[in-house]
Amino acid sequence: MPNLEVCLSPNLLPLHTLTHKIVVVVDILRATSCMVTAIACGVESILPLQDTETCRAMKSQGYYIAAERDGKQVEGFDLGNSPFSYMEKHLIGQKIAFTTTNGTQVIKLSEKAEQIIVGAFLNLSAVASYLLERQKDVLVACAGWKGNINLEDTLFAGALVDVLATQNFTISNDSALLAQSLYPKKQSDLLGFVNLCSHVQRLKNLGIQKDVEFCLQKDVYDVVPTLQNGSIVKLASQTAL
Ligand code: MLT
C-alpha cells in the first residue's frame, strides 16, 4: 500500500525523504492556485524561480514575467499572484517565468522527488484521481509562510488525505493525521475559517478577498500540472483535453 505523508512547512522538508515519491506542492493563497488556473486556461508552461532578478531576465527570452513578494506584484513585472490575471486570453500558449515568496521556493526544495505535481482546491479531485492511478508514495509539501505553518495549505492537505485514506493509502505521519482531523470540522465553512488566517489578515488591505474566495473553490479545473524539465506543464496525458 502506498504511504501518504504531509509536510506542513518547507523548513521541515529536509526531514523527509523525497526520492521515489510524488510530491504535491501546495500554496493555496495563492501561488499553486495561480499555476493551476494558468495551466487550465491554456498557458503553455510556467518556469518556477527563486529570485526576482533571474525571473526578470527571462523577459528577453520571450517569457511573460510574474513576481510576488509579501502578497504584492513586484514593480516592473507583467503579472503578480492573482489567479484572475492568469485567465487572460493573451496568455494562451505563452511561457511564464514565475517567482513568489513561498510557493516557487517549495518547488525548488522538492526537486529530489520522483515527480512534482501542483495541487490546489481548484484541482483537488484531479490530483486525487491521478495519485490513485499512480499508486506511489506521496508527500504533500505545504508552502506555508516564510517557514511558518499556515491554515489554508493544512486544510488542503487534510482534504487530500481525507480522500486518499478512504482508498488504499496508509497515512504515515502525524502531520497527515493532524491535517485530516482538521479538514472535516471546517469544510462546511472553509471561507469563514480561512478568513481568520494570517495571510488573509496580511493581505486585507490589498483587496484580495475575491482571490481568497476563488482559491477555496473545489474542482473548478480538471488538470494536474506537473514539473517537466524544470517547467510546470499540463500532464502529457491531459494535453489533448
Ligand atoms: C507565496 O508564494 O508566498 C504566495 O502565493 C503569496 C501570495 O501572493 O498570496
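Start at 1 and go down the list; that is how both ligands and their atoms are numbered.
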Colleague: May I ask you to decide whether Arg134 forms a salt bridge with Glu114, counting only side-chain N to carboxylate O separations under 4.0 Å?
Modeller: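 So Arg134 pairs with Glu114 through a salt bridge.
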
Colleague: Which protein residues have a heavy atom closer than 4.0 Å to any atom of ligand 1, listed by chain and number?
Modeller: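 Ligand 1 is contacted, at a heavy-atom distance under 4.0 Å, by Asp27, Leu29, Arg30, Ala31, Glu68, Gly71, Asn81, Thr100, Thr101, Asn102, Gly103, Trp145, His199, Leu203.
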
Colleague: Using ring centroids (six-membered ring only for Trp), state whether Tyr86 and Tyr64 fall under 6.0 Å.
Modeller: no

Colleague: Taking salt bridge (Lys or Arg N to Asp or Glu O under 4.0 Å) as the cut-off, I'd like each qualifying pair that reaches into residues 85-94, sequence neighbours left out, listed once.
Modeller: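 For residues 85-94: none.
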
Colleague: Partners of Lys186 by salt bridge (charged side-chain N to carboxylate O under 4.0 Å, His left out), sequence neighbours excluded?
Modeller: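 For Lys186 there are no salt bridge (charged side-chain N to carboxylate O under 4.0 Å, His left out) partners, ignoring immediate neighbours.
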
Colleague: Give every donor-acceptor pair under 3.5 Å between a side-chain atom in residues 10-22 and any protein atom, sequence neighbours left out.
Modeller:
from, atom 1, to, atom 2, distance (Å)
His16, ND1, Glu5, OE1, 2.7
Lys21, NZ, Glu5, OE2, 2.8
Lys21, NZ, Thr17, O, 2.7

Colleague: From the options Thr52, Thr99, Thr100, select the one residue that forms a side-chain hydrogen bond (donor to acceptor under 3.5 Å, both in side chains) with Arg69.
Modeller: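 Of Thr52, Thr99, Thr100, side-chain hydrogen bond (donor to acceptor under 3.5 Å, both in side chains) with Arg69 is met by Thr99 alone.
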
